[in-house]
Structures are given as structure tokens and as C-alpha cells.
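Both counts, for ligands and for their atoms, begin at 1 and track the order of listing.
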Amino acid sequence: MKPIALITGATSGIGLACAHKFLKAGYRVIATGRNVQSLNKLKEEGKDDVYTLIFDVRDREIATLCLKSLPDEWADIEVLVNNAGLALGLDPEYEGDYDDWDTMIDTNIKGLLTITREVVPGMIARNKGHIINIGSVAGDAAYANGNVYCATKAAVKAITDGLRIDVAHTPLRVTLLKPGLVETNFSNVRFHGDDERADNVYKGIVPLTGDDIADAALYAAQAPAHVQIAEMLILATHQANGSVIVRS
Ligand code: NDP
Ligand code: 8X3
């Protein structure tokens with residue numbers, strides 16, 4: 001039987017790339033997100049190897065119900081990729097938007113916690129599992145105007161480290177991936193649909209792609225059982241950290 005990977009935010013960018021890579025590597029994939037069209041397309045491509053769940057990770061009640069509704073043949077999740085997330089705005093903290101802050105905190109921190117809380121007990125019971133959380137270079141140190149987004153990714157690091165400690169007595173593995181600049185819908189979302197501003201983020205540098213991060217996720221998942229890739233910082237060449245990006 002093929003192993004099962006559940007990937008949140010599998011409708012776009014890094015999550016969609018992970019879905020494609022894991023399918024190609026012989027996994028069955030539970031793909032979650034809100035974009036029904038994108039999930040349906042993935043289902044068409046992956047056929048019986050794809051199961052889709054449509055929910056907003058911020059809605060704990062619905063998210064929990066959806067996960068509990070998985071049919072028996074899809075219930076034994078082996079890999080969880082906690083990827084759903086976003087940045088909203090790039091403004092000084094003293095000018096930040098309350099709604100943007102709430103959305104980032106509810107999605108990147110509380111949403112990730114909900115999925116983790118629902119999926120990991122099954123892994124513990126089966127004595128098998130791997131949790132791969134998508135953090136960011138933004139969680140290593142704040143950059144100008146990144147404030148709350150950076151804080152959510154710092155929280156993802158602490159939550160990931162905490163989980164690794166809490167499951168250390170089991171065969172479960174816990175990985176944090178910390179990408180730098182990845183060209184996806186991320187900046188279009190961050191700038192509320194200002195595509196020109198979003199494009200500028202990737203000008204003068206060759207950014208990472210969703211596939212680059214999916215390769216890292218798959219590498220961690222396919223490492224031998226005694227190898228726990230705890231953390232990977234994956235930057236574009238010419239990017240040194242969240243603040244230093246040398247453009248040509
Ligand atoms: P995209 O905007 O391309 O993808 C974001 C994904 O998250 C979408 O599939 C979206 O699905 C999902 N998502 C967002 N909010 C919710 C929600 N409330 N409920 C369910 N799903 C949600 O961006 P990326 O692929 O770049 O982002 C993926 C992750 O990678 C994020 O956690 C981001 O912080 C992180 N990251 C991104 C970097 C980058 O430079 N791009 C660098 C470092 C980390 P849908 O809209 O269908 O719900
Ligand atoms: C996304 C990367 O540097 O835009 O987490 O915050 S960055």
C-alpha cells in the first residue's frame with residue numbers, strides 16, 4: 001500500500017509542488033485548501049492517488065470535522081506537510097493592519113496547531129509518522145516591516161522544536177523547512193493583489209521555486225528511518241538572510 005501524505009495549502013506554490021513531487025515519488029496525497037478549482041485539477045491529475053479536503057485552516061471546527069471524516073483507507077497519514085500560510089502587508093509595526101495580523105496569526109500559527117493536534121495522535125498510535133512544517137527565513141530574525149509575519153514564523157519554529165521534543169520517545173520525525181525567496185503567489189497575496197509590487201520582489205535575483213522546497217520536503221521524508229532532518233534553511237543564491245538580498 002502506498003504511504004499517505006497530507007499537505008495543507010496544496011492549491012498553489014510550495015504546497016502544490018509538494019503534492020506533485022510526493023505523488024511522483026509514489027505517495028497517495030490528501031490535498032487541502034480553499035481553492036476548489038485547483039484541488040479538482042489536482043484530483044484529475046492524480047486520480048485515485050489524490051483525496052481532497054476543502055476547508056479553511058482557521059476554522060477549527062470544520063477543519064477537525066473534515067479530518068475526522070477521512071475514510072478508513074485514507075486515515076493512516078504517514079507524512080504531514082503543514083504548509084498553508086501567508087503574509088499580509090509589509091508595513092511598519094506601528095502602522096500595521098489588525099485584520100491582516102489576525103489572519104496571519106490564525107492561519108500560520110493556530111491553523112498549523114489545529115492540523116498538528118488532529119493528525120499527530122494517529123501517528124503516535126501507529127508508531128509511525130513525519131511532520132514537516134514550513135517555516136521561513138523570516139522566523140530566524142525579523143526584517144524591516146516584516147514584524148508580525150516574522151513573528152508567526154518564529155512561532156512555527158518554536159512549535160516545531162517543541163513537537164520534536166514531545167515525540168522524541170517515538171519513531172516520529174519532525175522537520176522544519178525554512179525557505180527564503182520563493183516565487184509563488186506569496187507576494188501577490190502579501191500585497192493584496194498588487195501584482196506589479198509582487199513581481200518586484202523577485203527582480204534582479206533568481207528566486208527559488210516551489211519545486212526547490214518540495215525537493216527538500218521529499219528528501220527529509222525519504223531519509224532513512226534513523227535520520228531526522230531537523231531543520232533546513234534554503235535560500236536563493238545571492239540571498240544571505242531575510243534582509244540581505246543582492247540584486248543585479
Ligand atoms: P501561495 O500563496 O502560493 O500558497 C499558499 C497556500 O496556503 C495556498 O495553497 C493557500 O490555499 C493556502 N492557505 C492560505 N491561507 C489558508 C487558509 N486560511 N486555509 C487553508 N489554506 C490556506 O504561497 P507559498 O506557496 O509561497 O506559501 C506556502 C507556505 O510557504 C506559507 O506558509 C508561507 O509562509 C511559506 N513560505 C513562503 C515563502 C515564499 O517566499 N514564497 C518563503 C518561506 C516560507 P487556498 O488559498 O486554496 O486556501
Ligand atoms: C517568505 C520569505 O523573506 O519574504 O517567508 O519573508 S520572506
Side-chain angles (χ1 to χ4, degrees), residues 6-20 31-42 52-60 62-63 66-67 81-90 99-100 102-112 114-115 132-157 159-160 176-193 195 197-198 200-202 205 207-214 216-217 232-236 239-245:
L6 186 150
I7 301 164
T8 67
T11 60
S12 165
I14 294 170
L16 182 57
C18 284
H20 286 142
T32 89
R34 295 165 300 178
N35 183 331
V36 182
Q37 233 183 339
S38 177
L39 289 176
N40 285 345
K41 187 162 179 282
L42 187 62
T52 58
L53 287 175
I54 301 149
F55 63 86
D56 185 322
V57 294
R58 291 171 295 171
D59 189 333
R60 184 163 289 159
I62 299 290
C66 282
L67 293 170
V81 182
N82 265 320
N83 162 77
L86 78 173
L88 287 172
L90 188 67
D99 289 337
D100 284 354
D102 287 347
T103 303
M104 288 188 280
I105 290 165
D106 289 348
T107 309
N108 300 357
I109 305 177
K110 293 166 73 178
L112 180 144
T114 299
I115 309 302
I132 300 174
N133 288 341
I134 307 299
S136 170
V137 65
D140 280 355
Y143 54 76
N145 301 325
N147 45 72
V148 175
Y149 176 68
C150 296
T152 65
K153 290 300 180 177
V156 170
K157 173 167 169 54
I159 288 163
T160 309
L176 177 67
L177 298 184
K178 302 186 298 184
L181 278 179
V182 190
E183 191 165 12
T184 61
N185 279 333
F186 177 84
S187 293
N188 310 75
V189 171
R190 170 171 245 171
F191 299 127
H192 297 280
D195 293 341
R197 195 170 171 203
N200 281 336
V201 173
Y202 310 106
I205 186 165
L208 298 163
T209 66
D211 276 345
D212 296 324
I213 309 309
M232 268 197 241
L233 173 64
I234 307 149
L235 300 175
Q239 172 173 25
N241 56 37
S243 300
V244 177
I245 296 162

Should you measure from each heavy atom of A138, which atoms of ligand 2 turn up under 4.0 Å away? 6 (O)
Near T107 (heavy-atom distance under 4.0 Å), the atoms of ligand 1 are 15 (N), 16 (C), 18 (N)
Measure the CG-CG distance between D195 and N200 for me, rounded to the nearest 0.5 Å. 11.0 Å
Within the 4.0 Å heavy-atom shell around P179, which atoms of ligand 1 are there? 42 (C), 43 (C), 44 (C)
For G13, the ligand 1 atoms with a heavy-atom partner under 4.0 Å come out as 3 (O), 25 (O)
Rounded to the nearest 0.5 Å, what's the gap from CG on L112 to CD1 on I159? Could you check? 6.0 Å
Side-chain touch D140/N241, heavy atoms, less than 4.5 angstrom: no
Suppose we measure from atom 18 (N) of ligand 1 to each protein heavy atom; which comes out shortest, and what is that distance? D56 OD1, 2.8 Å
Would you say I14 has any N or O atom under 3.5 Å from an N or O of ligand 1, going by distance alone? yes
Minimum heavy-atom distance between T152 and N108, given as atom pair plus value: OG1-ND2, 3.1 Å
Ligand 1 and V57, any nitrogen or oxygen pair closer than 3.5 angstrom? yes
Identify the protein heavy atom lying closest to atom 35 (C) of ligand 1, giving its residue, its atom name and the separation to 0.1 Å. I134 CG2, 3.8 Å
Any heavy-atom pair between the side chains of V189 and L88 that's under 4.5 Å? yes
Run down the list G85, G139, A84 and name the one with the heavy atom closest to atom 21 (N) of ligand 1. A84
For ligand 2, which atoms, with element, lie under 4.0 Å from some heavy atom of S136? 1 (C), 2 (C), 5 (O)
Please verify whether a non-hydrogen atom of G135 lies at under 4.0 Å from ligand 1. yes
For R58, the atoms of ligand 1 under 4.0 Å from one of its heavy atoms are 18 (N)
Look at atom 10 (C) of ligand 1 and say which protein heavy atom is nearest, naming residue and atom and giving the distance to 0.1 Å. T11 OG1, 3.8 Å
Looking only at protein heavy atoms, which one is nearest to atom 28 (C) of ligand 1, and how far off is it? N83 OD1, 3.1 Å
Could you tell me whether some N/O pair between G9 and ligand 1 is separated by less than 3.5 angstrom? yes
Who's the nearest protein heavy-atom neighbour of atom 24 (P) of ligand 1, and how far? T184 OG1, 3.4 Å
Any side-chain donor-acceptor pair under 3.5 Å between N35 and T11? no
Under 4.0 Å from a heavy atom of S136: give me the atoms of ligand 1 that qualify, with their elements. 43 (C), 44 (C)
Option of least heavy-atom distance to atom 4 (O) of ligand 1 (set: C18, A10, S187, S12): S12
What residue and atom, counting heavy atoms only, is the protein's closest point to atom 48 (O) of ligand 1, and at what distance? R34 NE, 2.5 Å
Heavy atoms, side chains only, cut-off 4.5 Å: are L208 and L181 in contact? no
Taking the side chain as every heavy atom from C-beta outward, state whether D100 and H192 have any pair of such atoms under 4.5 Å apart. yes
Has the side chain of K110 got a donor or acceptor atom that lies under 3.5 Å from a matching backbone atom of M104? no
Taking both backbone and side-chain atoms of G180, is any N or O found less than 3.5 Å from an N or O belonging to ligand 1? yes
Please check this pair: side chain of D212 against backbone of T209, looking for a donor-acceptor N/O pair closer than 3.5 Å. yes
Looking only at N/O atoms, are V182 and ligand 1 under 3.5 Å apart anywhere? yes
Is any side-chain heavy atom of T52 less than 4.5 Å from a side-chain heavy atom of T32? no
Just how far is it from atom CZ of R60 to atom OG1 of T114, taken to the nearest 0.5 Å? 3.5 Å
Is there side-chain contact between R197 and R190, with at least one heavy-atom pair below 4.5 Å? no
Using heavy-atom distances only, which candidate in Y143, F186, Y149 approaches atom 3 (O) of ligand 2 most closely? Y143
So is A87 in contact with ligand 1, going by heavy-atom distances below 4.0 Å? no
Min heavy-atom dist K153 to ligand 1 below 4.0 Å: yes
Could you walk me through whether F186 and Y202 pass the ring-ring contact (aromatic ring centres under 6.0 Å, His included) test, one step at a time? CA-CA 11 Å; F186 177 84; Y202 310 106; 8.3 Å; no
If you measure from each heavy atom of G180 to ligand 2, is any distance below 4.0 Å? yes
Looking only at heavy atoms, is any part of Y149 under 4.0 Å from ligand 1, and if so is it the side chain, the backbone, or both, or is it neither? side chain
Please determine if Q239 has a nitrogen or oxygen closer than 3.5 Å to a nitrogen or oxygen of ligand 2. no
Side-chain donor-acceptor contact under 3.5 Å, T160 with N133: yes
Check whether any side-chain heavy atom of I14 sits under 4.5 Å from a side-chain heavy atom of V182, and report yes or no. yes
